[in-house]
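Following: one structure in structure tokens, then a few remarks.
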Amino acid sequence: MNKGTLAKGYEPGDVEERWYSFWEENGLFEPDPASDRDPFCIVIPPPNVTGFLHMGHALNNTLQDILCRYKRMCGYNVLWQPGMDHAGIATQNVVEKDLASRGLTRHEIGRERFVELVWEWREKYGGVIMNQLKRLGSCCDWSRARFTMDEGLSKAVLEVFVQLYEEGLIYRGDYIINWCPRCHTALADLEVEHEERDSFLYHIRYPFEDGRGGLVVATTRPETMLGDTAVAVNPEDERYRDVSGRRVILPLLDKPIPVIFDRYVDMEFGTGALKITPAHDPNDFEIGATHGLDLVKVIDDDGRMNELAGSYKGMDRFQCREKVLADLEAAGLLEKVEPYRNSVGHCYRCATMIEPLLSKQWFVRVKPLAEKAVEAVREGRTRIVPSQWEGVYYEWMTNIRDWCVSRQIWWGHRIPAWYCDDCGRVMVAKEAPLTCAECGGSGLRQDTDVLDTWFSSALWPFSTLGWPDHTDYLRTFYPTSVLITGFDILFFWVARMMMMGIHFMGDVPFRDVYIHALVRDAGGRKMSKSKGNVIDPLDIIDRYGTDAFRFTLAALAAQGRDVKLSEERIAGYRNFVNKIWNSARLTLMNLDEQDAGEAPENAVFTLADRWILTRLHNVTREIQASIEEYRFNDAASLCYHFTWHEFCDWYLEMAKQGLYSEDETLKRSTRFVLRKAMLSVLRLIHPFMPFVTEELWHRMPGTSGSIMAAPFPQPGDY
RNA sequence: AGGCACGUAGCUCAGGGGGAGAGCGCUACCCUGACACGGUAGAGGUCCUGGGUUCAAAUCCCAGCGUGCCUACCA
């Protein structure tokens with residue numbers, strides 16, 4: 001490497017590419033599993049295979065990279081475990097869209113061919129985001145990259161599913177679930193996004209069977225009345241004293257249904273009479289269950305009315321609503337229509353309105369798992385930073401409901417359950433049984449559903465390290481040191497990793513969880529692919545360089561605050577990168593190879609020399625403390641202020657006296673301190689700006705090897 | 001319906017019981033042998049409103065107003 005004068009300004013382009021290859025080729029990202037140094041491990045939040053690097057990834061991975069580089073320089077045996085998520089529904093949707101552009105549907109080509117196509121898609125585009133992470137400078141051990149659909153990780157999924165089933169923590173049953181008529185699958189409660197909308201509350205009269213008056217119910221979804229099997233009132237309600245044992249006629253279908261009493265009914269709301277649709281509403285389902293009501297499912301999987309809906313059969317649910325209202329109006333049974341605001345659930349993948357409906361699904365009984373996960377945080381075995389998120393975590397975990405894990409899609413881990421054609425017996429096993437365990441029949445069919453994509457993600461901290469095998473990596477790096485993630489997946493992912501990690505490994509998956517804010521768009525909305533409001537980080541990197549971009553993210557990453565990125569800010573830190581470059585330029589113009597050794601004999605240190613070393617001592621301590629406490633913005637601003645306004649503005653200016661002096665001893669002494677300080681600055685800043693510091697490190701006299709392998713400065717160095 | 005944040009310079013945002021800050025923008029002067037992606041010197045804020053605690057509050061507490069987000073089975 002040339003040690004010599006530098007160009008006048010820093011040009012990131014080729015420098016970044018050159019050093020990234022250098023690091024990778026020299027295995028600098030790989031830990032030594034046999035090392036006796038303290039381990040430090042982070043598992044990456046696996047990006048979706050279909051993903052492209054967005055600001056959220058950029059922030060998340062920059063923070064992880066800062067920690068990994070810092071810890072490695074501090075002497076830890078560092079593993080940053082990378083990989084990708086198969087992202088069930090999201091990926092299936094992408095590939096389906098691609099098919100649609102060729103005029104095909106997945107049903108036309110069949111399950112087997114479709115899954116093949118998804119794998120082909122993965123081969124073609126799956127590497128994209130990994131290469132984008134490399135441009136960010138991420139020091140992941142790419143030789144260990146994992147994918148949730150890998151053989152090993154799939155084995156872990158089977159192991160977990162079967163064990164949970166055997167422990168009675170997984171069961172199958174008929175419940176009201178959230179159904180997306182477009183994705184054609186069940187969704188977990190978490191996968192439903194609620195949005196407040198202007199709507200209407202319709203008051204509908206249900207006449208008594210005996211012809212004496214009627215009850216008026218209020219509903220926002222009149223089409224579901226076709227599935228009503230009762231009307232409920234509160235037993236305390238004075239107005240409905242005399243309804244006991246009577247029946248009302250369900251309008252439009254002319255079907256008598258009972259009036260029942262249930263304390264669930266709120267007397268204050270509407271008329272105090274509630275229509276009960278057990279097959280299409282979760283509350284009604286429970287009321288129906290306690291009263292032994294019939295379940296009448298009138299909406300099918302496509303969101304259309306079925307044969308039980310009488311003359312409405314074949315209409316889609318929205319059409320049906322209009323028709324039902326018109327018919328009620330005509331019959332004089334629509335008493336009142338009032339404007340009403342309520343929140344309506346939508347699919348988190350395609351924004352289609354969710355239809356709650358009765359369906360047979362697989363569930364994880366999470367209560368017992370959640371209790372231990374709560375305990376772990378309460379006891380401090382896992383620390384959540386910033387601590388404000390602890391409350392949110394407890395709240396969610398203590399009110400948690402069973403997790404619906406089956407999805408009616410094709411891309412994912414197939415549920416390891418088989419059904420006997422002859423006797424109907426269900427068998428759950430790691431391998432396909434040949435014959436029925438009950439009747440010996442050989443007509444066995446595997447469940448056609450796959451698992452929720454978050455099921456495999458929940459195992460990520462140990463499945464990527466080799467579990468269920470007892471590997472060296474698992475022994476060395478579990479529990480991992482820290483998980484860095486956005487709060488948007490606190491429940492989806494973090495909570496579930498806690499539950500699974502504790503249950504299957506007997507210990508928490510990570511010591512610390514650092515929750516960072518989200519990078520939002522101008523309107524404060526989440527940036528997401530589906531909303532199309534994403535600003536491309538790669539474009540920023542092309543124009544300003546990775547170091548400036550990373551430094552900006554770190555500087556803005558105040559705990560618990562959203563990051564609103566402005567381009568002016570990035571330009572400002574680009575200037576800072578250039579400032580560092582030029583401070584090194586000045587340094588190099590005044591040093592030669594002779595300055596690489598020990599302090600000169602009879603060295604004279606000026607006040608400026610002693611001052612800058614004292615300042616370095618303090619700043620080093622403060623930067624270390626900031627990084628250790630995940631105060632990335634503080635660390636970044638310490639680097640910025642110290643380097644620019646103390647090292648450059650004052651020290652370099654004052655050092656010029658010594659550098660240009662006729663006094664050889666003074667000159668050599670100054671050069672010695674200047675070099676020492678410069679090398680410290682580079683190492684302090686390296687975790688934030690890996691590329692420019694690596695380039696400059698190699699240019700300085702007396703350095704060898706990568707700055708990544710150089711020790712991080714310690715307060716005692718000065 | 002609950003919960004959590006936030007309201008600081010023209011803009012975007014840090015900070016946080018006693019000195020009001022950064023980036024960009026703005027004014028004036030400097031291409032001084034590292035850097036004009038620079039230097040020096042400046043202008044600019046009742047730190048949302050009203051109470052309270054304190055020797056002292058922008059900073060802590062309460063209320064209000066405004067904004068954003070998260071969770072939620074009231075039709």
Side-chain angles (χ1 to χ4, degrees), chain A residues 5-11 176 178 189-190 192-194 196 199 201-204 217-222 224-225 231-232 264-277 281-287 340 342-343 345 356 386 388-396 399-401 487-488 490-491 517-518 520 522-526 544-545 548 551-552 555-590 631 633-634 636-637 640-641 644-645 648-649 652-653 655-656 659-660 678:
Chain A
T5 48
L6 302 177
K8 213 171 164 187
Y10 173 59
E11 294 295 335
I176 295 282
N178 309 292
D189 294 337
L190 258 188
V192 178
E193 290 180 349
H194 295 269
E196 279 230 330
S199 169
L201 191 59
Y202 303 95
H203 295 249
I204 304 167
V217 301
T219 180
T220 53
R221 298 197 303 149
T224 63
M225 70 179 286
V231 170
Y264 168 81
V265 182
D266 180 356
M267 292 186 280
E268 308 294 316
F269 190 93
T271 58
L274 173 65
K275 67 192 248 347
I276 304 293
T277 323
D281 182 283
N283 301 312
D284 294 6
F285 176 79
E286 281 182 28
I287 293 171
Y340 187 69
N342 66 341
S343 78
Q388 67 194 66
W389 292 108
E390 272 182 26
V392 179
Y393 172 84
Y394 293 141
E395 175 69 17
W396 163 257
N399 296 320
I400 198 163
R401 303 174 78 198
F487 63 79
D488 53 330
L490 180 60
F491 308 136
L518 255 41
R520 299 201 128 96
R525 294 190 315 165
K526 224 190 275 186
Y544 296 97
F551 198 85
T552 309
L556 294 179
Q559 286 194 356
R561 295 241 191 163
D562 287 345
V563 174
K564 283 180 201 158
L565 205 57
S566 71
E567 203 160 321
E568 292 76 21
R569 199 68 185 245
I570 301 170
Y573 289 123
R574 186 264 325 268
N575 297 350
F576 177 47
V577 179
N578 197 241
K579 189 73 180 177
I580 295 168
W581 177 265
N582 275 287
S583 67
R585 184 162 183 255
L586 171 68
T587 303
L588 284 169
M589 289 168 88
N590 289 283
R631 288 185 288 109
N633 61 324
D634 287 345
S637 83
Y640 182 90
H641 284 275
W644 198 313
H645 298 304
C648 290
D649 287 353
L652 291 183
E653 292 306 321
K656 283 174 183 172
L659 294 174
Y660 304 147
M678 189 72 232

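As the structure is a computational prediction, the values presented were derived from the model and not from experiment. Letters A, B, ... are given to chains in the order of the sequence lines, protein chains preceding strands, and every chain is numbered from 1.
Note: CZ (Arg631(A)) to C1' (A14(B)) measures 13 Å, nearest angstrom. Atoms OH (Tyr264(A)) and C1' (A72(B)) sit 11 Å apart, rounded to a whole Å. Atoms OH (Tyr544(A)) and C1' (G23(B)) sit 13 Å apart, rounded to a whole Å. Whole-Å rounding puts the Leu659(A) CG to A34(B) P distance at 10 Å. Here the P atom of nucleotide C74(B) and the CD atom of Glu286(A) are 12 Å apart, to the nearest Å. What separates CG of Asp488(A) from C1' of C70(B) is a distance of 11 Å, to the nearest Å. In this structure, the CE atom of Met267(A) is 14 Å from the C1' atom of C74(B), given to the nearest Å. One can place CG of Asn342(A) at 10 Å from C1' of C74(B), the figure rounded to the nearest angstrom.
Summarising the geometry, atom CG belonging to Leu490(A) is positioned 7.0 Å from atom CH2 belonging to Trp389(A); distances are rounded to the nearest 0.5 Å. To the nearest 0.5 Å, the span separating CG on Asn582(A) from OG1 on Thr587(A) amounts to 10.0 Å.
At the heavy-atom level, Glu390(A) lies nowhere under 4.0 Å from the strands shown. No contact: Tyr393(A) has no heavy atom under 4.0 Å from any strand. The residue Leu201(A) sits apart from the nucleic acid: no heavy atom pair falls under 4.0 Å. Looking at heavy-atom distances under 4.0 Å, Asp266(A) makes contact with a base. When heavy atoms are screened at a 4.0 angstrom cut-off, Ser343(A) is found touching base atoms of the nucleic acid. Here Val265(A) lies in heavy-atom contact (under 4.0 Å) with a base. Thr219(A) comes within contact range of the sugar-phosphate backbone alone, with a heavy-atom separation under 4.0 Å but no base atom that close. Across all strands shown, Lys275(A) has no heavy atoms under 4.0 Å from either base or sugar-phosphate atoms.
Going from the C1' atom of G52(B) to that of A9(B) covers 29 Å, rounded to whole Å. Rounded to whole Å, the C1' atom of C6(B) lies 14 Å from the corresponding atom of G15(B). Rounded to whole Å, the separation between the P atoms of U27(B) and G10(B) comes to 16 Å. Rounded to a whole angstrom, the distance from the P atom of G21(B) to that of G64(B) is 34 Å. Between U8(B) and A14(B), the distance separating the two P atoms is 10 Å to the nearest Å. Atom C1' of U49(B) sits at a distance of 7 Å from the matching atom of C65(B), rounded to the whole Å. Spacing between C24(B) and A72(B) at atom P, rounded to whole Å, works out to 43 Å. Distance check on atom P: U32(B) versus C37(B) gives 14 Å, rounded to whole Å.
Dashed line: the shortest gap from a side-chain N or O of Tyr640(A) to OP1 or OP2 of G21(B) is not under 4.0 Å. Considering only side-chain N and O atoms, Arg569(A) lies nowhere under 4.0 angstrom from the phosphate OP1 or OP2 of U12(B).
If you check G25(B) for Watson-Crick or wobble pairing at under 3.5 angstrom, you find it has no partner at all. In this structure, U54(B) makes no Watson-Crick or G-U wobble pair, since no nucleotide meets both defining distances under 3.5 angstrom. With a cut-off of 3.5 Å on both Watson-Crick or G-U wobble distances, the partner of A72(B) is given as none. The partner of G38(B), taking Watson-Crick or G-U wobble pairs whose two distances both stay under 3.5 Å, is C30(B). Nucleotide G66(B) forms a Watson-Crick or G-U wobble pair with C6(B), both donor-acceptor distances falling under 3.5 Å. Of all nucleotides present, none satisfies the Watson-Crick or G-U wobble test against U46(B) with each distance under 3.5 Å.
Comparing C4(B), A34(B), C35(B) against the side chain of Lys8(A) picks out C35(B) as the nearest. Checked against A36(B), A34(B), C24(B), the side chain of Lys656(A) finds its nearest nucleotide in A34(B). Side-chain proximity of Phe491(A) to the nucleotides A34(B), C4(B), C70(B) is greatest for C70(B). Of the candidates A75(B), A5(B), G15(B), the closest approach to any side-chain atom of Asn633(A) belongs to G15(B).
Residue pairs meeting the salt bridge (charged side-chain N to carboxylate O under 4.0 Å, His left out) criterion with at least one partner in residues 574-588 of chain A, sequence neighbours excluded, are absent.
Of all the heavy atoms in Ser199(A) and Asn342(A), the pair that sits closest is CB-OD1, 3.5 Å.
Each of Tyr573(A) and Thr587(A) was assigned the nucleotide of RNA chain B with the nearest heavy atom; the assignment lying further toward the 5' end belongs to Tyr573(A). Of the two residues contacting RNA chain B, namely Asn590(A) and Ala273(A), the nearest-nucleotide position lying further toward the 5' end is that of Asn590(A).
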- Query: Between Met678(A) and Leu588(A), is a side-chain contact (heavy atoms from CB on, under 4.5 Å) present by the stated rule, with each step listed?
  - Reply: CA-CA 10 Å; Met678(A) 189 72 232; Leu588(A) 284 169; over 6 Å; no

- Trace of the side-chain contact (heavy atoms from CB on, under 4.5 Å) decision for Leu274(A) with Tyr264(A): CA-CA 10 Å; Leu274(A) 173 65; Tyr264(A) 168 81; 3.8 Å; yes

- Query: Does the side-chain contact (heavy atoms from CB on, under 4.5 Å) test come out yes or no for Tyr573(A) and Val577(A), once each step is laid out?
  - Reply: CA-CA 6 Å; Tyr573(A) 289 123; Val577(A) 179; 5.8 Å; no

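Counting distance only, with no hydrogens placed and no angle test, the side-chain atoms of Glu653(A) and the base atoms of A34(B) include a donor-acceptor pair under 3.5 Å.
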Protein-nucleotides 37-44 of chain B N/O pairs closer than 3.5 Å?
| from | atom 1 | to | atom 2 | distance (Å) |
| --- | --- | --- | --- | --- |
| C37(B) | O4' | Asn575(A) | OD1 | 2.9 |
| C37(B) | O2 | Arg574(A) | NE | 3.3 |
| C37(B) | O2 | Asn575(A) | OD1 | 3.4 |
| G38(B) | OP1 | Asn575(A) | ND2 | 3.1 |
| G38(B) | O3' | Lys579(A) | NZ | 3.1 |
| G39(B) | OP1 | Lys579(A) | NZ | 3.1 |
| G39(B) | OP1 | Trp644(A) | NE1 | 2.6 |

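No option in Thr219(A), Ile176(A), Thr224(A) other than Thr224(A) meets the side chain to side chain contact (heavy atoms under 4.5 Å, CB included) test with Thr277(A).
Using cut-offs of 30° and 60° for the angle between ring planes, the Phe576(A) and Tyr640(A) rings count as tilted.
Under the 3.5 Å distance criterion, the side-chain polar atoms of Trp581(A) are matched with a main-chain donor or acceptor of Ala7(A).
Side-chain contact between Phe491(A) and Asp189(A) is absent, with no heavy atoms from C-beta onward closer than 4.5 Å.
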